[in-house]
Amino acid sequence: MFPIVLALTLIFSSQLEAELQVNFYRNTCPNAELIIRQEVQRAYFRDRGIAPGLVRMHFHDCFVRGCDGSVLIKSTPGNSAEEDGPSNAGSLRGFEVIESAKARLEQECRGVVSCADILAYAARDSIVVSGGLGWDVPAGRRDGQISLATETIDIPAPFNNLDQNLQAFAKKGAHTIGCSHCSQFSNRLYNFSPANSQDSTLDPLYAMQLKQQCPRGPNGNVDPNAVVFMNFSPTAFENSYYVDVLRNRGLFTSDQTLTTSPDTLSEVRDYARNNIQWQTDFADAMIKMSQVEVLTGNAGEIRLNCRAINP
Ligand code: HEM
C-alpha cells in the first residue's frame, strides 16, 4: 500500500507543478498540439475505445517512474517492459495513435517532442473528443529510458479498499468511459467470500447483467478476453459514474467503496449532482497527475521512436 499512498500524495502536491510549461512547443514545434489532436480525432472516429485507452495509458505511465513515457516502451528479449506487467498486460490500448502522432511530429520537427508529452496531450484530447472539458497541458517532459514490468505493481488494483485508494480516487470518475475485462471484477460475482458468493454491495440486477456478460466457462473461470462497458454511456465523458456508484453499480470494489466513508460519499453525491464541478475538478486532477516525477532539462532523452529507447 505504501507506494500507492506515496504516489497519490505526490499527485496532490502542488510543489510538482514548477518545471513544465503550457505552450512549451510554441517556438520549437508550433504545430505539435494540432498534429496530436488530429491523430486522436482520426483514431477516435474509427474506434471510440481509443479515448479511454489513452486516458488510462497516461495514468499508468504517471504511476510508474512518473510521466516519462516508460509505459510506451516495448518489451525486448532481454527486458519485460511495463506494458507486460500486472495491471497492463493485454489491456492497454492506443499505442498506435501515439506512434502515428510521433511519426508526423518527427517529420515536422525531428527530435523535439517527447513521447511522454504526446501521451499527456493525447489524454487531454481524448477527454475533449468524448465530450469533456479540456485543459491546458503543461509540457516539457523528457522520456525515460527504463521500463520494467515488475514496477507496475504500483498501479492500484480494482479490489483495493477505500483506505488504500482514498486520496486519489474521489476524482477517479475517469471510469465513466471505457471498458473492463471481466476478470477484473468477476470475484464480486462468483467467489466473493466463503459466506456470500456475490458481493452484497453490488446491485443484484446489475450483478445479474454482469453475469450474463461474463459467464463462467467449464473450468469455472470467466473468459479472459471478455469485456464489458464500465457504465451505461461508456463513450460520453460525464458524471454518470457517480450516479452509478450511488445506485451500487460501481464496477470495481475500488469504485464502490467510495460510498463507505462520509467524506467520499458526500463528494460522490456532489459530483453526481454537479457535472460541471466534477469536470473542472477532474481536469485539475489530471493536470496534477500529469506532473508527477517528470524528467525535465537534460534528464532522460527525446525518444525518436516512442516504443524503444534511443540506440
Ligand atoms: C483505484 C484506482 C483505479 C483502479 C483500481 C482502476 C482499475 C481499472 C481497471 C481494472 C480497469 C479495466 C481494465 C481492463 O480490464 O481492460 C480500468 C479501466 C480504466 N481506467 Fe482505471 N483504475 C483506477 C483509477 C483510474 C484513474 C485515476 C484513471 C484516469 C486518470 C482511470 C482511467 C481508466 C479508464 C479510462 C479505463 C478504461 C480503459 C479502456 O477502456 O481501455 N482509472 N481501471
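In this chain, residues are counted from 1 in sequence order. One-based numbering, in listed order, for ligands and for the atoms of each.
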Legend entry - Sub-4.0 Å atoms of ligand 1 with respect to non-hydrogen atoms of Arg93: 39 (C), 40 (O), 41 (O)
Legend entry - Sidechain N-carboxylate O distance under 4.0 Å for Glu19, Arg142: no
Inset, instruction - Just jot down the ligand 1 atoms closer than 4.0 angstrom to any heavy atom of Gln184, in number order. - result: 10 (C), 13 (C), 14 (C), 15 (O)
Legend entry - Winner among Met286, Met289, Met230 once heavy atoms are compared against atom 37 (C) of ligand 1: Met230
Legend entry - Mode of His181 contact toward ligand 1 - side chain, backbone, both, neither (heavy atoms, under 4.0 Å): both
Inset, instruction - Could you see which bit of Ser254 sits under 4.0 Å from ligand 1, with heavy atoms only: side chain, backbone, both or neither? - result: side chain
Legend entry - Distance-only donor-acceptor check, side chains Thr152 and Asn88, under 3.5 Å: no
Inset, instruction - Using a strict cut-off of 4.0 Å, indicate which atoms of ligand 1 neighbour a heavy atom of Gly178. - result: 37 (C), 40 (O)
Legend entry - Sub-4.5 Å side-chain heavy-atom contact between Val97 and Ile118: no
Inset, instruction - State whether Lys102 and Glu99 are salt-bridged, where the test is any N-O pair (Lys NZ or Arg NE/NH1/NH2 against Asp/Glu carboxylate O) under 4.0 Å. - result: no
Inset, instruction - Could you tell me whether Arg37 and Asp125 have a side-chain N and a carboxylate O separated by less than 4.0 Å? - result: no
Inset, instruction - Have a look at Ser261 and tell me which of Thr257, Thr264, Asp263, Thr259 forms a side chain to side chain donor-acceptor pair (under 3.5 Å) with it. - result: Thr264
Inset, instruction - Examine Cys179 against ligand 1 and note whether any of their N/O atoms are separated by less than 3.5 Å. - result: yes
Legend entry - Proximity winner for atom 9 (C) of ligand 1, if only heavy atoms of Phe229, Phe252, Phe63, Phe59 are counted: Phe252
Legend entry - Residue portion contacting ligand 1 (non-hydrogen atoms closer than 4.0 Å) for His58: neither
Inset, instruction - State, without any angle test, whether Tyr271 and Asp281 hold a side-chain donor-acceptor pair at a distance under 3.5 Å. - result: yes
